[in-house]
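Below: one structure, written as structure tokens.
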Amino acid sequence: MVRLTDVPGLGSPGELAGLLDRQAYLADEGLTTAAFLALRMGRPLLLEGAAGVGKTELARALAAVLDAPLIRLQCYEGLDGPQALYDWDFARQLLHLKAAEAGGTADPARLETEVYDRRFLIARPLLRAIETWPSVLLIDEVDRADVEFEAILLEVLSDFAISVPELGTIRAEHPPVVVLTSNRTREVHDALKRRCLYHWLEHPSFDREVAILLRRLPACSETLARQVAGAAGRLRGAGLVKPPGIAETLDWTEALLTLGARELDPALAAATLGALLKHREDHEAALGDGLFDDLRR
């Protein structure tokens, strides 16, 4: 675990909030407390919430605060052990065997020992995180992986050790900081949740979203930030297929700034809607229901 005593000014949730703020990540009290406890207790932190609310960004910000590399495992359907843990470099192993044969080495036992040397082992994200200290391991969108993959995570997150039959057990001297994210496309198994601290991320409040926009995009005027945050808030309550997260409002604001906008009007909102909403049905709903008609009020 990255020890808090190694990080100056990280002795309370409030101090962590200040350090995250320096990385332009504005966390509320609940999220800051959950992250602080995960660091203090050495427990993985499971973040659930809609896409785009800042789950992945928190891991990046923590890595910056801790001055540690971010090691990311992007989960997807079909992800298995060799892709997440380790794999053998068969091409290099074969070259080694051919070189040994050409050099006259014929001892099978010696060749077998040599070919399964650590130098031929390819470390995938989970093994890299165990061997790297300090590090922040981001297991992103764990809900997209198959249920069977969670069994692998249970072993790794319980002992922070990986068994390689040919080499033995590789154990972390200092476990990495671990952040798991889920968009809740399916329920994560209770056994995995029990190994983690848990926090649900809501969409930011209006005031917090305005603050985030102004902090992340210094060229944005307060008027534009308030109009964008207000429009995004209305869209989140409109029953869309994919309501916009803070990631989308940042993209939308950046697009507006690229066009030189200082404030938002219905025509400009409609022209740049593709930066905010990514489904045709959502475009039709936003434009058809007149959600942008009161932008100038």
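What's counted below: heavy atoms across the whole structure, side chains too, no hydrogens, waters or symmetry copies. These figures come from a predicted structure and were not determined experimentally.
Without hydrogens or angle criteria, Asp251 side chain to Leu276 main chain gives no donor-acceptor distance under 3.5 Å. At distances below 3.5 Å, at least one donor-acceptor pair connects side-chain atoms of Thr181 with backbone N or O atoms of Glu141. In this structure, the side chain of Arg118 engages the main chain of Leu121 through a donor-acceptor pair within 3.5 Å. Checked by atom type and distance alone, the side chain of Arg124 never pairs as donor or acceptor with a backbone atom of Gln83 at under 3.5 Å. In this structure a side-chain-to-backbone donor-acceptor pair under 3.5 Å is present from Asp143 to Asn183. No donor-acceptor distance shorter than 3.5 angstrom exists from the side chain of Arg184 to the backbone of Gly49, with no hydrogens or angles considered. Distance alone, capped at 3.5 Å, is enough to place a donor-acceptor pair between the Arg215 side chain and the Asp21 backbone. Looking at Arg186, its side chain does come within 3.5 Å of a backbone N or O of Ala145 through a donor-acceptor pair. A side-chain donor-acceptor contact under 3.5 Å links His283 to the backbone of Leu277.
Considering only heavy atoms from C-beta on, Gln227 comes within 4.5 Å of Thr223 through its side chain. The shortest distance between side-chain heavy atoms of Phe160 and Pro176 falls below 4.5 Å.
Comment: Lys193 engages Glu187 in a salt bridge, judged by a side-chain N to carboxylate O separation of less than 4.0 angstrom. Between Glu15 and Arg22 there is no salt bridge, since no side-chain nitrogen of the basic residue lies less than 4.0 Å from a carboxylate oxygen of the acidic one. Salt-bridge check for Arg119 with Asp89: failed, with every basic side-chain N at 4.0 Å or more from each acidic carboxylate O.
A donor atom on one side chain and an acceptor atom on the other are found under 3.5 Å apart for Ser158 and Arg195. Side-chain polar atoms of Tyr198 and Glu48 form a donor-acceptor pair below 3.5 angstrom.
Between Ile130 and Ala161, the shortest heavy-atom contact is CD1-N, 3.8 Å. Nearest heavy-atom pair across Ser135 and Ile71 is CB-CD1, 4.0 Å.
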Can you check side-chain contact (heavy atoms from CB on, under 4.5 Å) on Leu62 and Leu20, steps first, answer last? CA-CA 7 Å; Leu62 284 175; Leu20 290 171; 4.2 Å; yes
Set out, in order, the CA-CA distance, both residues' side-chain angles and the distance that settles side-chain hydrogen bond (donor to acceptor under 3.5 Å, both in side chains) for Thr249 and Glu209, then state yes or no. CA-CA 9 Å; Thr249 58; Glu209 189 153 22; 3.0 Å; yes
List the steps, then state whether side-chain contact (heavy atoms from CB on, under 4.5 Å) holds for Trp200 with Val53. CA-CA 10 Å; Trp200 174 268; Val53 294; over 6 Å; no
Please evaluate residues Leu126 and Leu73 with respect to the criterion side-chain contact (heavy atoms from CB on, under 4.5 Å), reporting the C-alpha separation (whole Å), side-chain torsions for both, the decisive distance (0.1 Å), and the verdict. CA-CA 7 Å; Leu126 294 180; Leu73 174 62; 4.1 Å; yes
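For Glu131, the CD atom is densely surrounded, since the number of other residues' heavy atoms within 6.0 Å is greater than 12. Counting non-hydrogen atoms of neighbouring residues, nucleotides and ligands closer than 6.0 angstrom, the NE2 atom of His189 reaches no more than 12 such neighbours.
With rounding to the nearest 0.5 angstrom, the CG atom of Leu180 is 9.5 Å from the CD atom of Glu150. Interatomic distance, CD1 of Ile212 versus OG of Ser205, reported as 8.0 Å (0.5 Å rounding). Note: Phe149 CZ to Leu153 CG = 4.5 Å, rounded to the nearest 0.5 Å. Interatomic distance, CG of Leu19 versus OH of Tyr25, reported as 14.5 Å (0.5 Å rounding).
Of the candidates Leu45, Leu47, Leu46, Leu45 is the only one forming a side-chain contact (heavy atoms from CB on, under 4.5 Å) with Leu197.
Tracing side-chain contacts under 4.5 Å through hydrophobic residues (I, L, V, M, F, W, Y), one never reaches Val210 starting from Leu256; they form parts of separate clusters. Linking ILVMFWY side-chain heavy atoms closer than 4.5 Å, directly or via other members, places Leu95 and Phe120 in two distinct hydrophobic clusters.
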